[in-house]
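Comments concern the structure below.
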Amino acid sequence: MVMELNPPALRTDIVSADTQIALAQLGDEAESYSVQRNDGGEYCLLALEKVLYSGILLSRQVLIADSAKYGRLLVLDGGLQSASCDEGLYHELLVQPAMLLHPNPRRILVIGGADGACLRELIHHRNVEAITLLDCEPELVELAKEHLSAWHCGAFDDTRVKVVGVPAREFLQTDQSKYDVIIFDPIDLDLSSDSRQQYSKQFFMRAKARLAAGGFFAVQAMQLSPDCDKHFMIKRTLSSIFGQVHSYHAAIASFMADWSFILASD
């Protein structure tokens, strides 16, 4: 049986026109649809019940919306970054292994993570004295404070948290502080964009230079798939810098993928 659909109406104010099939109006009760593509070449339409924010911040298209299936969504440049249904699993896996393995994690650096969920995971540790959230888009942080309260749970107001609106490369070049744990949660690796620089050996070496003795570096490391080598590219790069590099993964339903993480240390 073939279902005939009306041609999709593009909504370039919410999703990049580069996606080609940005938002499709299919004639049902959904307000609109967000088109997601995974590394296996499959597409999925996420039905949006309510768009809370759509706009451009520093050339990045931002969408915050409530979906029928996965709850509230954060979408950047057309790609789903986080969903309320399973962001807890994702952020626990990203943050807690490093924090639990370190005997006394006091100073923490978070690169990315403007939604505040990493902060939420970190402030539970009583021995943490200072957390620096490094994100070059303070406007996105403000949006998260307003619309993603379930992510940050008020963690931005914790007196140990400092938000620094400086690009990561610039910060790592000039900052002389040492951190017990560094959490790296950037946008997904795109080999054709500037995001590739944040996964370069030079960038990782600068991050390692900011680690205190016995420190841990945790990074989200993309989809695990036979069709995608990004995880293994990241792991090979980290293995050339750190003495111990270990992968772990879990199925993240909203990503429609088995998602990976890497923990690195000496």
Side-chain angles (χ1 to χ4, degrees), residues 62 64 72-76 79-102 105-168 171-172 175 177 179-189 195 198-199 203-204 207 210-211 215-222 234 248-250 252 254-255 259-265:
V62 179
I64 299 176
R72 186 152 297 182
L73 310 176
L74 172 62
V75 181
L76 300 180
L80 177 64
Q81 301 299 308
S82 193
S84 60
C85 72
D86 51 21
E87 64 81 14
L89 172 61
Y90 172 93
H91 289 103
E92 181 178 349
L93 287 168
L94 175 60
V95 171
Q96 297 302 348
M99 293 298 293
L100 294 173
L101 283 169
H102 197 288
R106 296 181 297 110
R107 297 179 59 85
I108 316 297
L109 176 65
V110 181
I111 303 175
D115 55 29
C118 287
L119 300 180
R120 178 198 68 216
E121 295 291 319
L122 290 165
I123 63 174
H124 293 304
H125 294 265
R126 296 180 180 179
N127 49 342
V128 169
E129 298 173 0
I131 306 168
T132 300
L133 175 64
L134 180 59
D135 199 289
C136 59
E137 298 183 13
E139 297 90 345
L140 187 55
V141 172
E142 292 304 314
L143 277 177
K145 289 181 179 180
E146 179 179 358
H147 296 296
L148 302 178
S149 58
W151 274 254
H152 59 77
C153 296
F156 286 108
D157 298 325
D158 192 288
T159 56
R160 296 170 292 176
V161 172
K162 178 176 68 173
V163 179
V164 180
V166 176
F171 182 88
L172 293 174
D175 178 52
S177 303
Y179 301 93
D180 299 306
V181 173
I182 297 178
I183 307 295
F184 186 47
D185 188 24
I187 61 173
D188 295 348
L189 173 59
S195 70
Q198 284 196 304
Y199 292 88
F203 182 87
F204 287 146
R210 302 274 60 82
L211 276 177
F216 286 87
F217 182 77
V219 55
Q220 73 96 349
M222 310 300 162
I234 298 168
Y248 54 106
H249 59 97
I252 305 297
S254 62
F255 290 174
W259 211 257
S260 69
F261 308 84
I262 294 176
L263 191 61
S265 179

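Fair warning: this is a prediction, and the values are worked out from it, not measured in the lab. Sequence positions, counted from 1, serve as the residue numbers for this chain.
Within the 4.5 Å cutoff, no side-chain heavy atoms of W259 are placed close to those of L93. L101 has its side chain within reach of L263: a pair of non-hydrogen atoms, C-beta onward, lies under 4.5 Å apart. Between H125 and H102 the shortest side-chain heavy-atom distance does not fall below 4.5 Å. Between D158 and L119 the shortest side-chain heavy-atom distance does not fall below 4.5 Å. F255 has its side chain out of reach of D86: every pair of non-hydrogen atoms, C-beta onward, lies at least 4.5 Å apart. L94 has its side chain out of reach of V110: every pair of non-hydrogen atoms, C-beta onward, lies at least 4.5 Å apart. At a threshold of 4.5 Å between non-hydrogen side-chain atoms, the residues I108 and M99 count as touching. With a 4.5 Å cut-off on side-chain heavy atoms, L109 and F171 count as touching.
Distance CZ/F156 to CD/E142: 8.0 Å, rounded to 0.5 Å. S265 OG to I182 CD1: the interatomic distance, rounded to the nearest 0.5 Å, is 11.0 Å. The structure places NE2 of H147 at 10.5 Å from NE2 of H152, a figure rounded to the nearest 0.5 Å. One finds the CG atom of D185 at 7.0 Å from the CG atom of D115 (value rounded to the nearest 0.5 Å). The CZ atom of F216 sits 10.5 Å away from the CG atom of L100 when rounded to the nearest 0.5 Å. To the nearest 0.5 angstrom, I131 atom CD1 is 7.0 Å from I123 atom CD1.
The closest donor-acceptor contact from the side chain of R72 to the backbone of W151 lies at 3.5 Å or more, if one exists at all. Within the 3.5 Å criterion, the main-chain N or O of A155 finds no donor-acceptor partner in the side chain of R120. Proximity of a side-chain donor or acceptor of Q220 to a complementary backbone N or O of M222 within less than 3.5 Å is detected. With H91 contributing its side chain and E87 its backbone, the two residues share a donor-acceptor pair below 3.5 Å. Put simply, the side chain of D180 gets close to the backbone of R106: a donor and an acceptor are under 3.5 Å apart.
Of all the heavy atoms in P138 and G165, the pair that sits closest is CG-CA, 4.0 Å. The two residues S260 and A221 come nearest to each other via the heavy atoms OG-O, 2.7 Å. Contact record, R210 with S177: NE-O, 2.9 Å, taken as the closest heavy-atom pair. Among all heavy-atom pairs drawn from I183 and V95, the shortest one is CD1-CA, 4.1 Å. For L133 against G112, the heavy-atom pair with the smallest separation is CD1-O, 2.9 Å. When all heavy atoms of L73 and A83 are compared, the closest pair comes out as CD2-CB, 3.6 Å.
Between F203 and F184, the two ring planes are tilted [angle within 30° to 60°]. Between F261 and Y248, the two ring planes are parallel [angle under 30°; tilted spans 30° to 60°].
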Please walk me through it: do L76 and V62 pass side-chain contact (heavy atoms from CB on, under 4.5 Å)? CA-CA 5 Å; L76 300 180; V62 179; 3.8 Å; yes
